[in-house]
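In what follows, a structure is listed as C-alpha cells, so that the remarks can point back to it.
We use all heavy atoms of the structure for the numbers below, so side chains are in, but hydrogens, waters and symmetry mates are not.
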Amino acid sequence: SRFVPLYSILYQIIPANYVLYHLITIIAHFLTSLIIFKILREINFEKKICFLSSILYSVHYSIHAKTLIWIAFWGHTLNALTGFLSIYLFFLYLKNKKKIYLTFSILLSITGILIMESGAIYPLMNFFLVIFFKSRNLKTLSITISPLLIYFILSLTMNNSAYNFY
C-alpha cells in the first residue's frame, strides 16, 4: 500500500477533465524546466550549460513521455515541480539567510513526498548538492533531510498499511 494523501486529495478536488490535467502537467513541466535552470545558475554553472540542461530536461522523451501523456502520472510532474522548487529555495536560503526560503523549501519538499513517495529523492538530491557545491555544515545538512524524517513520522503515525509486514 502507498501513503500518498495529497495525490488522493488532489484527485478529489480537481474536476475529472483530461484537458485540465494535461494543462496542469504541461505548465508544471515548463516551470520545472525553468527552476532547473535557476538551480544550476545558483551552483554557478555557465548560462549556456544551464540552458542546455533545462532544454534537455524538457525534451527528454524517455523521462517525460508517460507523465505528459498519461493522466495517471501527472502526480510525478507535480512532484518534480515541488522537489526542484524546494531545492532552489533552499539554495536561496543558504545565500540570503532568510527563514522564509527555508520554511517554504521544507514545506514544498514535504508536499512533494506526500504527492508521490518518489518525492523522497529530492531531499536526498538537496543533501548531495549542498555537500558538493555549498556547505558541509552538519546543521545545514540535517535540515536538507528533515522532510524525509517528517514524512516517515507522518506515515507511521497515520496507521499506514505500507508498514504492516504481516
Side-chain angles (χ1 to χ4, degrees), residues 1-43 47 49-93 98-127 129 144-163:
S1 180
R2 300 169 63 193
F3 183 68
V4 288
L6 289 181
Y7 187 71
S8 302
I9 291 169
L10 288 172
Y11 261 116
Q12 301 301 316
I13 294 172
I14 298 174
N17 179 342
Y18 72 91
V19 174
L20 182 61
Y21 280 102
H22 286 297
L23 182 64
I24 290 170
T25 302
I26 290 168
I27 290 170
H29 185 69
F30 174 74
L31 292 174
T32 304
S33 298
L34 295 177
I35 293 165
I36 288 172
F37 178 86
K38 298 294 281 181
I39 289 170
L40 294 174
R41 286 300 295 154
E42 284 297 319
I43 296 174
K47 279 188 181 181
I49 299 293
C50 300
F51 179 73
L52 291 174
S53 298
S54 66
I55 292 294
L56 181 62
Y57 175 85
S58 296
V59 299
H60 197 282
Y61 179 77
S62 65
I63 294 174
H64 303 294
K66 250 194 279 188
T67 60
L68 293 174
I69 295 169
W70 290 358
I71 292 173
F73 285 93
W74 72 285
H76 293 284
T77 306
L78 288 180
N79 189 340
L81 176 64
T82 58
F84 284 117
L85 187 55
S86 72
I87 291 170
Y88 177 64
L89 290 174
F90 193 79
F91 280 10
L92 289 180
Y93 163 72
K98 292 186 178 179
K99 299 275 187 196
I100 190 80
Y101 292 133
L102 177 61
T103 303
F104 279 107
S105 172
I106 291 172
L107 287 174
L108 282 169
S109 192
I110 293 168
T111 300
I113 298 170
L114 293 175
I115 290 173
M116 287 289 199
E117 59 273 277
S118 59
I121 194 68
Y122 297 102
L124 294 174
M125 283 175 59
N126 197 10
F127 178 82
L129 287 170
T144 64
I145 60 168
S146 64
L148 286 176
L149 299 174
I150 293 168
Y151 169 75
F152 287 121
I153 289 168
L154 278 174
S155 63
L156 285 171
T157 59
M158 298 288 190
N159 196 18
N160 181 15
S161 62
Y163 297 110

Would I27 and L81 count as a side chain to side chain contact (heavy atoms under 4.5 Å, CB included) here? Give the steps.
CA-CA 10 Å; I27 290 170; L81 176 64; over 6 Å; no
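- The aromatic ring centroids of Y88 and F91 lie 6.0 Å or more from each other.
- Atoms CD1 and OH, on I153 and Y151 in that order, are 13.0 Å from each other to the nearest 0.5 Å.
- In summary, of the residues considered (L40, I39, I43, I55), a side-chain contact (heavy atoms from CB on, under 4.5 Å) with C50 occurs for L40 alone.
- Judged purely by atom type and a 3.5 angstrom limit, T111 uses its side chain to pair as donor or acceptor with the backbone of L107.
- Contact detail for I113 and P123: the closest heavy-atom pair is CD1-CG, 4.1 Å.
- Of the inter-residue distances, the one linking I115 atom CD1 with T77 atom OG1 reads 10.5 Å to the nearest 0.5 angstrom.
- Contact record, K47 with F37: O-CE1, 3.8 Å, taken as the closest heavy-atom pair.
- Side-chain atoms of N126 and S86 include no donor-acceptor pair closer than 3.5 Å.
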With side chain to side chain contact (heavy atoms under 4.5 Å, CB included) as the test, would you mind laying out the steps for Y57 and H29 before giving the verdict?
CA-CA 9 Å; Y57 175 85; H29 185 69; 3.8 Å; yes
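- Minimum interatomic distance between Y93 and K98 (heavy atoms only, all atoms of both residues): CD1-O, 3.3 Å.
- Distance check, rounded to the nearest 0.5 Å: CD1 of I150 to CD1 of I145 gives 11.0 Å.
- If you take OG1 on T25 and NE2 on H76, they are separated by 11.0 Å, rounding to the nearest 0.5 Å.
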Go through it in stages, so that I can follow the logic: the residues are L92 and E42, the test is side chain to side chain contact (heavy atoms under 4.5 Å, CB included), and I'd like the CA-CA distance, side-chain angles, deciding distance and then a yes or no.
CA-CA 8 Å; L92 289 180; E42 284 297 319; 3.9 Å; yes
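- No side-chain heavy atom of T144 sits under 4.5 Å from any side-chain heavy atom of L129.
- S58 contributes atom OG, which lies 8.0 Å from atom CZ of F30 (distance to the nearest 0.5 angstrom).
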One pair to check against side chain to side chain contact (heavy atoms under 4.5 Å, CB included): W74 and I14. What are the steps and the verdict?
CA-CA 12 Å; W74 72 285; I14 298 174; 3.5 Å; yes
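- Between Y122 and F84, the ring planes lie perpendicular to each other; the angle is over 60°, past the 30° to 60° tilted range.
- Between the CD1 atom of I110 and the OG1 atom of T82 there is a distance of 11.0 Å, given to the nearest 0.5 Å.
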